[in-house]
Peer 1: 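Could you have a look at this structure, given as structure tokens, before my questions?
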Amino acid sequence: MTESYREFYRRSLEDRDGFWREQAALIDWQRPFDRVLDYGRPPFARWYPGGTTNLCHNAVDRHLAARANQPAIAYISTETGVERTYSYAQLYDEVNVCAAMLQALGVGRGDRVLIYMPMVPEALFAMLATVRIGAIHSVVFGGFASHSLAARIDDARPTVMITADAGMRMGKIIAYRPLVEEALRLAQHPPAKVVTLDRGLDRSGGRSAERDLDYAVLHREHSGARVPVAWIESNEPSYILYTSGTTGTPKGVQHDTGGYAVALAASMKHIYCGGPGETYFATSDIGWVVGHSYIVYGPLIAGMTTVVYEGVPIRPDAGIWWRIVEQYKVAVMFSAPTAIRVLKKHDPAYLRKYDLSSLKNLFLAGEPLDEPTARWISDGLGRSVIDHYWQTETGWSILAAYPGVEVTPLKHGSPSFPAYGYDLRLLHETTGAEVGDNEKGVVALAPPLPPGCLTTIWGQDERFVKTYFGSFPGKLMYSTFDWGIRDTDGYYFILGRTDDVINVAGHRLGTREIEEAVCGHADIAEAAVVGIQDPVKGQVPVAFAVAKDAARFSDPRERAALEHELLALVDQQIGAIGRPARVHFVTMLPKTRSGKVLRRSIQALAEGREPGDLTTLDDPSGIEQIRTAVAEATSR
Ligand code: AMP
């Protein structure tokens with residue numbers, strides 16, 4: 001009997017224990033849990049207390065009986081030209097060797113291991129090895145520079161750090177070791193040991209005899225080692241992942257073990273529909289939460305083959321991802337709207353060049369998915385494109401569609417419905433009262449948060465409560481800091497961060513709505529809209545737009561005409577209230593490595609201020625373009 005999603009969702013909240021007890025059967029437990037949930041100290045939720053399990057066991061060991069020879073990892077680097085697969089048996093061997101290495105270096109239960117690596121299989125071995133022995137990993141995205149790395153070292157205080165000589169991007173070698181050296185110099189609490197994977201890419205950065213070790217040498221020493229799994233209590237932390245907030249000091253988002261494993265296993269079944277033997281391709285990076293949940297743990301817990309890709313979506317050409325889908329028979333794919341917008345600038349024939357018959361759905365997350373982009377990719381692929389919404393903090397989606405439960409119609413621009421287990425509310429920003437359909441509110445979650453979500457901020461329980469549960473006086477509600485709206489059919493739409501909202505003459509506007517209007521123009525690839533100060537209206541929106549064909553708009557008259565058309569389009573779609581004060585044309589937007597537009601930096605530059613923290617910036621020319629565009633406009 002099929003169950004409608006509405007009923008499934010209702011049951012997840014009304015019979016919480018029964019629902020999550022059922023989901024818990026999707027993973028192996030060494031000792032059964034005493035209770036499903038301990039909620040004796042709100043808002044701290046303790047899922048499956050007393051139960052012991054292990055993430056590595058669930059991701060690797062338990063598959064050996066049935067699928068030892070099946071590929072677990074398909075590694076493709078279009079940067080180095082290396083392409084190879086690891087079976088579950090080989091993954092088991094590698095993880096054991098790495099676990100033995102860590103133990104030999106003094107890593108014990110509860111100790112932290114900092115992983116600062118590019119997209120190489122060894123990064124996954126290190127993560128799995130860490131949780132195998134009951135230690136806690138803190139993966140730091142390879143794009144972070146020394147300062148950010150040092151701050152994360154000092155907060156997590158790792159016993160060991162694992163890194164590499166270098167990463168590669170767009171054919172350019174990015175040396176890691178000099179950054180590591182500098183971070184170790186800056187840190188107050190540097191790790192005693194640093195293991196470096198030498199990929200033969202770069203020799204720079206010093207090595208110290210007592211601190212530095214070579215991955216290959218240690219690998220030889222521990223070859224053939226077997227390290228028993230450490231059975232740990234469900235609520236013991238599995239990892240810390242830093243995310244930035246409004247304060248500028250990164251927060252170490254902490255995830256547990258049992259609840260996280262259950263949440264991921266359940267999501268593979270109900271959301272992604274990925275099963276044993278199938279292939280999952282998430283185009284993210286292990287440095288982000290998507291990488292943790294859906295490059296490493298989710299697919300492996302489900303017994304799938306996970307694609308680990310080092311490269312960009314347009315090299316050697318814009319067909320590379322679809323070539324991978326064909327070759328590895330990818331069933332589930334997960335990417336970000338920004339990447340699709342990059343592809344949108346290239347020939348759509350690439351979408352038809354390869355056999356994509358294995359692909360069931362494409363999932364997108366991380367930022368608002370504008371309707372033109374959603375339409376372009378879903379029409380091009382002939383597949384459902386499922387927008388889903390989540391955060392580093394939640395570890396899995398808050399809003400999504402659930403083809404594993406019921407196939408529901410999709411609405412472009414909407415990540416559909418609240419995920420089972422989330423008691424989601426839209427609240428008035430100041431009063432905290434629930435808003436009605438078609439009214440904008442803050443997306444909030446009534447605790448307890450479901451399994452998989454953050455359990456605290458590493459070492460800072462008080463900050464956890466204050467930051468996330470302190471937005472609505474007198475109400476214990478988790479704030480996502482996102483605006484949302486629900487239509488009369490129950491579909492939700494995310495309108496951007498509460499902290500990015502702009503207020504034009506007393507009217508609140510989401511920059512996303514204006515961006516979407518601008519992007520609706522056939523000549524525009526993407527756009528960022530920020531609010532800048534205005535003496536009369538408080539704020540006015542300003543747009544930075546990327547034309548699909550920059551050469552065509554090099555003529556100022558052509559640009560002026562396009563600007564005019566864009567303003568008319570916004571007038572038409574939103575009303576004059578949303579009309580940008582001006583449109584600047586650039587050929588790229590400044591973005592983080594994970595593809596988020598750095599709106600705050602754009603806003604600062606547009607207001608004549610310095611752009612602020614740029615440590616996550618992908619390509620510096622994005623910022624330079626904004627600076628130049630603003631300078632040119634003001635000198636005119
Ligand atoms: P992060 O923790 O870096 O993944 O960022 C989470 C934030 O990204 C959310 O709070 C949203 O502002 C935004 N976000 C993630 N997914 C979506 C989505 N599908 N639609 C709109 N915004 C999203």
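Counting convention: from 1, in listed order, for ligands and their atoms alike.
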Peer 1: With rounding to the nearest 0.5 angstrom, report the CH2 to OH distance, Trp396 to Tyr294.
Peer 2: 7.5 Å
Peer 1: Return the orientation label for the His388 and Phe334 ring planes: parallel under 30°, perpendicular over 60°, tilted otherwise.
Peer 2: tilted
Peer 1: Got a salt bridge between Glu278 and Lys360, using NZ or NE/NH1/NH2 to carboxylate O under 4.0 Å?
Peer 2: yes
Peer 1: Side-chain donor-acceptor pair under 3.5 Å between Asp256 and Thr455, yes or no?
Peer 2: no
Peer 1: Listing request: all side chain to side chain donor-acceptor pair (under 3.5 Å) pairs with a residue in residues 405-415, at least two apart in sequence or in separate chains.
Peer 2: Lys411-Asp487, Lys411-Asp489
Peer 1: Between ligand 1 and the protein, give all atom pairs where both partners are nitrogen or oxygen and the distance is under 3.5 Å, as lines of names plus distance to 0.1 Å.
Peer 2:
| from | atom 1 | to | atom 2 | distance (Å) |
| --- | --- | --- | --- | --- |
| ligand 1 | 2 (O) | Thr392 | N | 2.8 |
| ligand 1 | 2 (O) | Thr392 | OG1 | 2.7 |
| ligand 1 | 3 (O) | Lys596 | NZ | 3.4 |
| ligand 1 | 8 (O) | Gly366 | O | 3.2 |
| ligand 1 | 10 (O) | Gln391 | NE2 | 2.9 |
| ligand 1 | 10 (O) | Asp482 | OD2 | 2.5 |
| ligand 1 | 10 (O) | Arg497 | NH1 | 2.9 |
| ligand 1 | 12 (O) | Asp482 | OD1 | 2.6 |
| ligand 1 | 12 (O) | Asp482 | OD2 | 3.3 |
| ligand 1 | 14 (N) | Gly366 | O | 3.4 |
| ligand 1 | 16 (N) | Gly366 | N | 3.0 |
| ligand 1 | 19 (N) | Asp387 | OD1 | 2.8 |
| ligand 1 | 19 (N) | His388 | O | 2.7 |
| ligand 1 | 20 (N) | Glu367 | O | 3.3 |

Peer 1: Any idea how Tyr239 and Tyr297 line up, ring-wise: parallel (<30°), tilted (30 to 60°), or perpendicular (>60°)?
Peer 2: parallel
